[in-house]
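Reviewing the structure listed below.
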Amino acid sequence: MASFFCSTKFLLLLFFVSAIPIAFIIHLETSSPTTHVYHYHSTGWLRECSKWDNANRRFIVSFFEGGLGVIPVEADYSPGDVLQEIPVVKEADLTGNASLGFTIDRERNRVLVAVADVLGNRYSALAAYDLTSWNRVFLTKLSGPGHQIEKGKRNKHG
Ligand SMILES: *[C@@H]1O[C@H](CO)[C@@H](O)[C@H](O)[C@H]1NC(C)=O
């Protein structure tokens, strides 16, 4: 059996098995999409979540490296235009935490964002920001240093 993994047959099999998904990804990236796609210049590398903010004609995006941005879509937008991302929330005291999923709370003109230390799993919170000023409305810690949990009730997420 061990010799099979060193054999040419296995290497060929490995090549085809990995080539198929790569070819598929290249195909998806290069073919014109069937649905409309908005292109934009990002200021970072990984965007966790995005939502369309219809009242303000913009996308709101959350940054995996922490913070929020908006991508305005002007009234004269035409398909193919490349939009610009504008960072609107960057909080020094939350540095090192990711901004994850969020929801737009239209009634209260705010956005509710899940904040977490994804890699270390030492902190998590729910943050709210005003949709107009982008000031923080509140920050509620859900877990982290100094968080009191009764012994025996501690779950695996601390
Ligand atoms: C996440 O934010 C909390 C609260 O300010 C901070 O104590 C913690 O160090 C941050 N996490 C990381 C990984 O930096």
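Below, all heavy atoms of this structure are taken into account, side chains as well, without hydrogens, waters or symmetry copies. Each ligand, and each atom within it, is numbered from 1 in the order the structure gives.
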Drop me the distance from Leu68's CG to Phe63's CZ, to the nearest 0.5 angstrom.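 Result: 7.0 Å between the selected atoms.
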Could you state the interatomic distance from CG (Leu46) to CD (Glu48), rounded to the nearest 0.5 Å?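 Interatomic distance, Leu46 CG to Glu48 CD, rounded to 0.5 Å: 7.0 Å.
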Atom 8 (C) of ligand 1: which protein heavy atom is closest, and how many Å away?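 Protein heavy atom at minimum distance: Asn97 ND2, 4.0 Å.
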Top protein contact for atom 7 (O) of ligand 1, by heavy-atom distance: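 Answer for atom 7 (O) of ligand 1: Tyr123 CD1, 4.8 Å.
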Pull out every atom of ligand 1 sitting under 4.0 Å from any heavy atom of Asp117, numbered as shown with elements.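 By the 4.0 Å cutoff, the relevant atoms are 13 (C).
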Near Asp93 (heavy-atom distance under 4.0 Å), the atoms of ligand 1 are 2 (O), 3 (C), 4 (C), 5 (O)
Under the 3.5 angstrom rule, does the side chain of Ser50 hit a backbone N or O of Val61 as a donor-acceptor pair? no
Does Phe59 have its ring centroid less than 6.0 Å away from the ring centroid of Tyr40? no
Please say whether Thr95 places an N or O atom under 3.5 Å from an N or O atom belonging to ligand 1. yes
CA sep, side-chain torsions, deciding dist, call: Arg108, Asp130, salt bridge (charged side-chain N to carboxylate O under 4.0 Å, His left out): CA-CA 8 Å; Arg108 296 175 189 83; Asp130 186 277; over 6 Å; no
